[in-house]
Amino acid sequence: MYNDERAVSITVGYVLNLSVAALLISGLLVAGGGLIEGQTQQVTRDELAVTGQMLAEELSNADRLARAGESTPSTLSIRVDLPPRTASGGYAIEIEHTGPEGTIELRTTIPAVSVKIPFRSETGVDEVTVDGGPVRIEYAGRSMEVTPT
């Protein structure tokens, strides 16, 4: 009798090749997922920094305008078109102000990214936390307030 076991070795080889290919593909997906998450954090951090700089600039402009009209009672309202989302989703804006200096903190939750931007304003700025997106800077003779639009 003739004993041929070649068919078994072909099948075993085929299964082993598929297993190795599946392991390599899953390894690449896991490594690529970590890379994408790191890039998302960096892009989000950059977007928050640019958004914070835009708001800081508008607060400084509003401060100059408010001080220019100090001799007469005046009101001021400036709309600031900030982006409603970042690469990772929505974000929050927290403004703190003591003396002539303050900070704007912008943060996201997933991934957890936080950016603080300093600003100067001789006019008082009410401390507030608002969701990201378009905001309005209002001044009515006492202090400035940032509100969502």
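- The heavy-atom pair separating Thr123 from Ser121 by the smallest distance is O-OG, 2.6 Å.
- With rounding to the nearest 0.5 angstrom, the CZ atom of Arg136 is 12.0 Å from the CD atom of Glu58.
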Before giving the answer on side chain to side chain contact (heavy atoms under 4.5 Å, CB included), spell out for Ile95 and Leu55 the whole-Å C-alpha distance, their side-chain angles and the decisive distance to 0.1 Å.
CA-CA 10 Å; Ile95 298 174; Leu55 184 55; 4.2 Å; yes
Please list, one pair per line, the donor and acceptor atoms closer than 3.5 Å that link side chains of residues 12-37 to other protein atoms, with sequence neighbours excluded.
from  : atom 1 : to    : atom 2 : distance (Å)
Asn17 : ND2    : Gly13 : O      : 3.4
Ser19 : OG     : Val15 : O      : 2.9
Ser26 : OG     : Ala22 : O      : 3.2
Ser26 : OG     : Leu23 : O      : 3.0

For side chain to side chain contact (heavy atoms under 4.5 Å, CB included), just list the numbers for Leu76 and Ile137, CA-CA rounded to whole Å, side-chain angles, deciding distance to a tenth of an Å, and then say yes or no.
CA-CA 8 Å; Leu76 173 69; Ile137 301 170; 5.6 Å; no
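- Between the CE atom in Met54 and the CG atom in Leu82 there is a gap of 5.0 Å [rounded to 0.5 Å].
- In this structure, Val146 and Leu59 have side chains that are in contact, with non-hydrogen atoms separated by less than 4.5 Å.
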What do the steps show when you test Gln53 against Val115 for side chain to side chain contact (heavy atoms under 4.5 Å, CB included), and what is the final call?
CA-CA 11 Å; Gln53 292 291 344; Val115 174; over 6 Å; no
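- Formation of a donor-acceptor pair under 3.5 Å by the Thr109 side chain with backbone atoms of Ala112 is not found in this model.
- A donor-acceptor pair shorter than 3.5 Å cannot be found between the side chains of Ser60 and Arg120.
- Checked by atom type and distance alone, the side chain of Tyr91 pairs as donor or acceptor with a backbone atom of Pro83 at under 3.5 Å.
- Counting heavy atoms from C-beta outward, Ile93 and Ile104 have side chains that approach closer than 4.5 Å.
- Distance alone, capped at 3.5 Å, is enough to place a donor-acceptor pair between the Thr149 side chain and the Pro134 backbone.
- You'll find the side chain of Ile78 stays beyond 4.5 Å of the side chain of Met144, heavy atoms only.
- For Glu101 (side chain) and Pro118 (main-chain N/O), no donor-acceptor pair under 3.5 Å exists by modelled atom type.
- Taking CG of Asp81 as the start and OG1 of Thr51 as the end, the distance is 11.5 Å to the nearest 0.5 Å.
- Contact record, Ser143 with Asp126: OG-OD1, 2.8 Å, taken as the closest heavy-atom pair.
- Between Thr75 and Ala140, the shortest heavy-atom contact is CG2-CA, 4.2 Å.
- Taken to the nearest 0.5 Å, the CG atom of Leu106 stands 12.5 Å off from the CZ atom of Arg45.
- Contact detail for Phe119 and Glu96: the closest heavy-atom pair is CE2-O, 3.9 Å.
- Considering every non-hydrogen atom in both Thr44 and Ala87, the closest pair reads OG1-CB, 4.0 Å.
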Intermediate values then yes/no, side chain to side chain contact (heavy atoms under 4.5 Å, CB included), Arg107 and Thr129
CA-CA 11 Å; Arg107 59 182 179 273; Thr129 300; 4.3 Å; yes
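- Atom-to-atom distance recorded for Ile110:CD1 and Gln41:CD is 11.5 Å, nearest 0.5 angstrom.
- Atoms CD and CD, on Gln42 and Glu47 in that order, are 11.0 Å from each other to the nearest 0.5 Å.
- For the pair Gly90 and Arg85, the tightest heavy-atom approach, listed with the atom from each and the gap, is N-NH1, 4.3 Å.
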